[in-house]
Amino acid sequence: MEAISLNSKVRVRFAPSPTGTLHIGSARTALYNWLYARHHGGAFVLRIDDTDLVRSEDRHEKSIMADLRWLGLEWDEGPDVGGRHGPYRQSERLERYREAAAALLEAGHAYHCFCSEERLASLRASALAAGGAPRYDRRCLALSPAEVARRLASGEAAAVRFKVPGRDAVIDDVVRGQVAVGAAAIGDFIMIRSDGVASYNFATVVDDLDMEITHVIRGDDHLTNTAWQVQIAEALGAEPPRFAHHSMVLGADGGKLSKRHGATSVGDFRKLGYLPAAVVNYLALLSWSHGDDEVLGLGRLVEEFELERLSLSPSIFDRAKLDWLNHEHVMGLDPREHERIFASRLPAETPPPAVAALAAAFQPSLVVYGEAPALAAGVLEEPAPDRARVAGAQLQLQEARRLRAAAGDWLSPVVARDLLAAYRVWGKERGIRARELLMPLRIALTGVEHGPELPFVLAALSRSQTLRRLDAVIAGAHTGASNPTQGDAP
RNA sequence: GCCCCCAUCGUCUAGCGGCCUAGGACACCGGCCUUUCAAGCCGGCAGCACGGAUUCGAAUUCCGUUGGGGGCACCA
């Protein structure tokens with residue numbers, strides 16, 4: 001094993017079907033492949049498994065590639081970047097599969113099948129009813145070569161089936177050890193459909209061999225596929241790649257992670273404002289660990305990640321932990337980078353000083369960037385008139401007036417910190433406690449009792465905004481006092 | 001139904017026969033800090049699915065039960 005890895009360069013592939021967006025579970029598979037390739041100095045190949053011609057769409061291929069790049073998982077070979085083993089779309093390799101099928105037909109490892117889908121369906125139904133695994137009954141294997149030739153010549157549609165060798169398939173799995181699938185469970189499956197297009201299980205084997213893939217790293221939902229695939233590889237006279245089947249990602253209820261669990265695609269998380277580094281970090285931590293280190297960047301992951309240490313059991317996707325990791329990554333971000341991302345979430349017309357102040361204010365506590373607009377609005381938006389009235393009622397009117405009257409003093413320093421310090425000095429001289437001094441100011445400025453630290457609020461607002469809000473609250477308090485139902489405290 | 005995989009706190013995991021009175025993290029609860037809410041810091045709660053067997057000794061090995069997941073297409 002050591003000798004092999006020294007002599008042959010590791011080559012892995014991620015082979016999504018462009019039938020939808022990149023699911024978080026698939027992203028995890030891509031990540032494991034990528035990490036394995038980078039760790040071993042090997043190649044990471046992107047192949048598009050689009051043999052399902054009707055469900056495959058170009059826009060999905062594009063979005064999957066965009067999501068992979070967003071995650072930071074660049075590939076060395078693929079449909080857009082090329083490479084020595086192209087083409088990298090299965091739809092462009094159809095001829096190659098027919099060629100390989102012809103060889104298998106020639107060698108007696110495959111045969112033509114003329115059975116209708118209806119017959120196959122009823123075969124399946126009766127097998128299931130009888131309590132057995134649905135397997136093809138090999139009716140067409142019994143056809144004479146002459147009859148096959150005649151029916152083919154007459155233009156009758158035929159699929160090509162693999163003639164399974166009838167022995168157990170043994171998979172030597174990197175993470176699971178030896179896994180044996182009994183011969184009884186493996187039927188003669190279709191390699192080439194009657195429309196001439198290869199099926200997944202066949203195309204995959206041909207491509208993995210052609211592309212010199214050394215390790216196939218994928219979800220354990222493929223474990224039974226692997227049984228057939230090793231047998232095809234052997235029939236093709238080739239040494240199958242090593243396999244590594246990782247566990248699945250489940251939803252909070254233990255079921256397959258799907259739409260009803262909320263965000264499930266990489267794009268969803270991108271839109272919500274998660275950092276790619278945090279998503280990747282979380283995905284790696286799902287079924288893997290490295291001592292007490294949990295907050296790990298891509299670089300560390302490349303160094304430390306080991307397939308052999310993957311947990312064997314399925315893991316449940318926990319958004320709360322992802323949130324925590326994202327928060328950790330946000331805190332660790334270069335402040336300028338954080339400000340850039342934060343700003344991208346705000347309305348374009350947000351004044352630069354406000355952007356800078358708010359970005360700085362929230363870097364220590366932000367969970368996801370999707371929160372940015374609401375957080376910023378809480379400070380930047382003028383408190384609603386009725387809100388100002390309510391705030392005015394909560395405010396000690398005397399305090400507010402004194403505050404406003406003193407504005408000339410505390411608005412003079414340019415830096416917000418100094419502003420606040422000066423204000424506190426002003427209050428201290430008058431024997432006013434910090435809470436009584438600052439809470440009314442907070443309410444006057446933002447209309448609510450919670451929010452970022454006041455220095456940031458002051459820095460985010462312009463001088464005229466600050467004065468206008470104070471005036472509005474004082475005026476609102478007046479209105480409240482003159483309103484009999486309001487019952488403003490004396 | 002049949003086949004395959006899996007099984008440590010609610011969740012992700014450490015543990016690979018004695019170092020385990022089972023460690024860490026998230027979540028939760030409490031405290032501290034603080035103008036507020038968060039964040040941060042400190043502390044707490046909480047688990048080896050069950051039954052046999054092996055062994056001087058089992059979370060760790062073996063068998064079974066139960067439970068969970070996956071697969072069983074001319075989808076990938």
Side-chain angles (χ1 to χ4, degrees), chain A residues 15-20 49-52 54-56 90 113 115-117 120-121 124 127-136 157-161 171 173 176 179-182 184-187 189-201 203-204 219-227 245 247-248 250 252 254-256 282 285-295 311-325 327 330-331 361-367 375 378 420 424 427 433-443 446 448-454:
Chain A
S17 291
T19 55
D49 280 11
D50 56 352
T51 52
D52 185 341
V54 299
R55 291 202 299 144
S56 295
Q90 292 193 324
C113 176
C115 292
S116 67
E117 290 194 50
L120 264 17
R124 207 160 32 239
L128 246 20
R135 295 178 39 182
Y136 179 58
V160 179
R161 275 186 193 276
I171 303 155
D173 195 281
R176 275 159 217 280
V179 178
V181 177
I186 315 169
F189 66 93
I190 292 195
M191 296 171 4
I192 306 283
R193 300 183 216 135
S194 54
D195 63 1
V197 178
S199 74
Y200 164 78
N201 266 322
T204 293
D220 66 11
D221 51 337
H222 282 281
L223 219 31
T224 33
N225 282 328
T226 302
H245 293 93
S247 63
M248 306 269 81
L250 273 25
K256 206 169 187 167
Y282 178 67
L285 246 33
L286 216 48
S287 76
W288 177 80
S289 65
H290 181 68
D292 288 345
D293 289 353
E294 295 212 290
V295 184
S311 146
L312 268 26
S313 46
S315 37
I316 291 170
F317 191 88
D318 181 16
R319 184 81 169 267
K321 182 113 185 191
L322 205 213
D323 282 352
W324 171 76
L325 266 176
H327 171 242
V330 168
M331 285 197 298
F362 290 111
Q363 183 164 17
S365 63
L366 190 78
V367 175
L375 256 16
L420 203 76
R424 293 182 90 144
R433 286 197 316 192
R435 190 189 163 90
E436 278 135 26
L437 191 69
L438 297 170
M439 186 50 83
L441 178 57
R442 168 180 300 287
I443 295 172
T446 66
V448 289
E449 42 284 291
H450 306 314
E453 288 174 28
L454 244 16

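In what follows, chains are A, B, ... by sequence order, proteins preceding strands, each numbered from 1. Because the structure is predicted, anything quoted here is derived from the model rather than measured.
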Work out how far the P atom of B:U11 is from that of B:U34, and round it to whole angstrom.
38 Å
Whole-Å P distance, B:C74 and B:C28
49 Å
Using only side-chain N and O atoms of A:Arg193, determine if any of them is under 4.0 Å from OP1 or OP2 of B:A76.
yes
Could you tell me whether A:Val179 contacts a base, only the sugar-phosphate backbone, or nothing, with contacts defined as non-hydrogen atoms closer than 4.0 Å?
sugar-phosphate
For the side chain of A:Trp324, counting heavy atoms from C-beta on, which of B:A25, B:U36, B:C6 is nearest?
B:A25
Whole-Å C1' distance, B:U55 and B:C63:
16 Å
Could you measure between the two C1' atoms, the one in B:G47 and the one in B:C9, and give it in whole Å?
4 Å
When the nearest nucleotide of RNA chain B is assigned to A:Ile192 and to A:Gly182 on a heavy-atom basis, which residue is associated with the more 5' position?
A:Gly182
Please classify the nucleic acid contact of A:Thr204 as base, sugar-phosphate, or nothing, using heavy-atom distances under 4.0 Å.
nothing
Report the relative orientation of the aromatic rings in A:His222 and A:Tyr200; use parallel for angles under 30°, tilted for 30 to 60°, perpendicular for over 60°.
tilted
Find the distance A:Tyr282:OH to B:U11:P and express it as a whole number of Å.
12 Å
Name the closest nucleotide to the A:Ser365 side chain, picking from B:A38, B:A7, B:C5.
B:A38
Could you tell me whether A:Ala180 contacts a base, only the sugar-phosphate backbone, or nothing, with contacts defined as non-hydrogen atoms closer than 4.0 Å?
sugar-phosphate
Return the pairing partner of B:G1 with a 3.5 Å limit on both distances, Watson-Crick or G-U wobble; otherwise return none.
B:C72
Distance in angstrom units between A:Asp318 CG and B:G10 C1', rounded
9 Å
For A:Gly254, which contact category applies under a 4.0 Å heavy-atom criterion: base, sugar-phosphate, or nothing?
sugar-phosphate
Side chain of A:Leu250 (C-beta onward), nearest among B:G69, B:A25, B:C74
B:G69
Using whole Å, what does the distance between atom P of nucleotide B:C74 and atom CZ of A:Phe189 come to?
11 Å
List, with names and distances, any nitrogen or oxygen atoms from the protein found under 3.5 Å away from nitrogen or oxygen atoms belonging to nucleotides 71-73 of chain B.
from, atom 1, to, atom 2, distance (Å)
B:G71, O2', A:Thr224, OG1, 2.7

According to a strict under-4.0 Å criterion, is A:Ser315 in side-chain N/O contact with OP1 or OP2 of B:C12?
no
Rounded to whole angstroms, how far apart are NE2 on A:His327 and P on B:A38?
13 Å
Report the distance from atom CG of A:Leu223 to atom C1' of B:A76, rounded to the nearest whole Å.
16 Å
Strictly by Watson-Crick or wobble contacts shorter than 3.5 Å, is anything paired with B:U11, and which nucleotide is it?
B:A25
Please state whether the base of B:A25 and the side chain of A:Lys321 form at least one donor-acceptor pair under 3.5 Å?
yes
Assigned partner base of B:G67, Watson-Crick or wobble definition, under 3.5 Å
B:C6
Using the C1' atoms only, state how far B:G52 lies from B:C45, rounded to an integer number of Å.
33 Å
For the residue pair A:Leu322 and A:Phe317, establish whether any side-chain heavy-atom pair is separated by less than 4.5 Å.
yes
Determine the interatomic distance between P on B:C3 and the same-named atom on B:A59; round to the nearest Å.
32 Å
Strictly below 4.0 Å: does A:His290 bring a side-chain N or O up to OP1 or OP2 of B:A14?
no
Does any non-hydrogen side-chain atom of A:Ser56 lie less than 4.5 Å from one of A:Pro18?
yes
For atom CZ of A:Arg435 and atom C1' of B:U35, their distance in whole Å
7 Å
Can you tell me, in whole Å, how much space there is between the P of B:G24 and that of B:G31?
22 Å
When you measure from the side chain of A:Arg442 to the backbone N and O of A:Pro452, does any donor-acceptor pair fall under 3.5 Å?
yes
At under 4.0 Å between heavy atoms, what does A:Arg55 touch on the DNA or RNA strands: base, sugar-phosphate, or nothing?
base
Which part of the nucleic acid, if any, lies within contact of A:Pro16, taking any heavy atom under 4.0 Å across all strands shown: a base, the sugar-phosphate backbone alone, or nothing?
nothing
Say you pick atom P in B:C62 and the same atom in B:A27; how far apart are they, in whole Å?
36 Å
Report yes if a side-chain nitrogen or oxygen of A:Ser194 is closer than 4.0 Å to either non-bridging phosphate oxygen (OP1 or OP2) of B:C74; otherwise report no.
no
Using a 4.0 Å heavy-atom cut-off across all strands, classify A:Arg442 as base, sugar-phosphate, or nothing.
base
Verify, without hydrogens or angle tests, whether A:Ser17 (side chain) and A:Asp49 (backbone) share a donor-acceptor contact under 3.5 angstrom.
yes
Has A:Arg433 got more than 12 heavy atoms of other residues, nucleotides or ligands less than 6.0 Å from its CZ?
no
Could you tell me whether the side chain of A:Ser199 and the main chain of A:Ile190 form a donor-acceptor pair under 3.5 Å?
yes
What's the separation between atom CG in A:Leu438 and atom CG in A:Leu454, rounded to the nearest 0.5 Å?
6.0 Å
Would you kindly give the CD-to-C1' distance between A:Gln363 and B:G40, to the nearest whole Å?
14 Å
Measure from the side chain of A:Ile316, starting at C-beta and using heavy atoms only, and say which of B:C12, B:U35, B:C3 lies closest.
B:C12
Nearest listed nucleotide, side chain of A:Thr51, among B:U36, B:A76, B:C5
B:A76
The side chain of A:Asp52 is closest to which nucleotide in this list: B:C75, B:U11, B:U36?
B:C75
Under 4.0 Å between any heavy atoms, over every strand shown, what does A:Cys113 touch: base, sugar-phosphate, or nothing? Just pick one.
nothing
A:Thr226 and A:Val179, any side-chain heavy atoms less than 4.5 Å apart
no
Determine yes or no for a side-chain-to-main-chain donor-acceptor pair under 3.5 angstrom, with A:Tyr282 supplying the side chain and A:Asp318 the backbone.
yes
Which nucleotide, in any strand shown, forms a Watson-Crick or G-U wobble pair with B:C41, with both distances under 3.5 Å?
B:G31
To the nearest 0.5 Å, what is the distance between CG on A:Leu286 and NZ on A:Lys321?
10.0 Å
A:Ser287 near the nucleic acid: base, sugar-phosphate alone, or nothing, with a heavy-atom cut-off under 4.0 Å?
sugar-phosphate
Sugar-phosphate only, base, or nothing, as touched by A:Leu120 at under 4.0 Å among non-hydrogen atoms
base
Expressed in angstrom and rounded to an integer, what is the separation of A:Asp323 atom CG from B:C28 atom P?
11 Å
